[in-house]
Colleague: 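Here it is, the structure, as C-alpha cells.
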Amino acid sequence: GAGVSQSPSNKVTEKGKDVELRCDPISGHTALYWYRQSLGQGLEFLIYFQGNSAPDKSGLPSDRFSAERTGGSVSTLTIQRTQQEDSAVYLCASSLRSSGTMETQYFGPGTRLLVL
Amino acid sequence: RKEVEQDPGPFNVPEGATVAFNCTYSNSASQSFFWYRQDCRKEPKLLMSVYSSGNEDGRFTAQLNRASQYISLLIRDSKLSDSATYLCVVSVDSSYKLIFGSGTRLLVRP
C-alpha cells in the first residue's frame, strides 16, 4: 500500500523567500508529525496534528514556521522568510491514531531544503 | 546535555561480526524505547521496540536498563546490508513525541 509521501523531494530557495512543504499521510492515519533533521543531527520534533488540530506546536523553531492540516489528511509546513539555518531535511510521519498509547510512526522520504 | 546520547561511530566491522551499540537517555520519565534504522538519504524506519525484559528479533537483540537509563542493540552475524545509521529513540509518558539520538553509523565490510 501507499506510504507517506512528501513533495517536493528537493527544494533550493534563496534567503528571504517563502517555501511550502507538503505531506500526504497514510490513508486512515489520524495523527501526523513534522520533524527536521539537520546535517549530522538527530531528528528534531516540530509539530504534531491529531486530525486537523495541532495540540503541540512546541517544536516550531520560530514564528516564521507554521503548519496546517486540512480534511484530516494533507498537511503543509510553511517557512516564511527562509534563512540559511533552515537548510535541513524535513520529514513527515503519520500514525494510526494518538490516544495516549505509543503508535508506530511511519516516515515519508523527506524534503531536502537548501537555502542559499 | 542531549536528551538521548549515542556514540556517532562509525563502527567498521567485518561480515559475520557481532557489534553492540549503546544509548543513554536523560529523562527518567521516558516510557517507550525504540531502535530505528536510517539508510543514507532515506527516511528512518522502525527496527524494533525495546521492552523492559529485553527482546530479540532474529539477529537483533535489544536491552533496556531503566536504573541506568541505558538502551543497547546487539547485532549478531553482521551482513553487508546492515550498514546504516541506527537511531536510538525514546518517548516520555508513552506520548506521541519521539526524541531521537543523533545515530550510530555502522559499516559492515566484506
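Throughout, a chain's letter reflects where its sequence line sits, starting with A, and its residues are numbered from 1.
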Colleague: Taking the six-membered ring for Trp, are A/Phe107 and B/Phe100 parallel (under 30°), tilted (30 to 60°) or perpendicular (over 60°)?
Modeller: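 If you compare the ring of A/Phe107 with that of B/Phe100, the planes turn out perpendicular.
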Colleague: Need one label for A/Leu91: side chain, backbone, both or neither, based on atoms under 4.5 Å from any heavy atom in chain B.
Modeller: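 Contact with chain B involves the side chain of A/Leu91 alone.
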Colleague: Any Lys/Arg nitrogen of B/Arg41 or B/Asp39 sitting under 4.0 Å from an Asp/Glu carboxylate oxygen of the other?
Modeller: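 Salt bridge flag = no for B/Asp39 with B/Arg41.
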Colleague: A/Tyr35 versus chain B, heavy atoms under 4.5 Å apart: side chain, backbone, both or neither?
Modeller: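 When you check distances to chain B, only side chain atoms of A/Tyr35 fall under 4.5 Å.
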Colleague: Could you walk me through whether B/Thr85 and B/Arg105 pass the side chain to side chain contact (heavy atoms under 4.5 Å, CB included) test, one step at a time?
Modeller: CA-CA 4 Å; B/Thr85 296; B/Arg105 191 169 170 215; 4.0 Å; yes
Colleague: Is B/Gln38 close to chain A through its backbone or its side chain, or both, or neither, when contacts mean heavy atoms under 4.5 Å?
Modeller: side chain
Colleague: Heavy atoms only, distances under 4.5 angstrom: which of A/Gly42, A/Gly110, A/Ser58 has the most pairs with chain B? Name it, please.
Modeller: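 Between A/Gly42, A/Gly110, A/Ser58, the count favours A/Gly42.
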Colleague: Could you verify whether a donor N or O on one side chain and an acceptor N or O on the other, from A/Ser38 and A/Glu44, lie under 3.5 Å apart?
Modeller: no
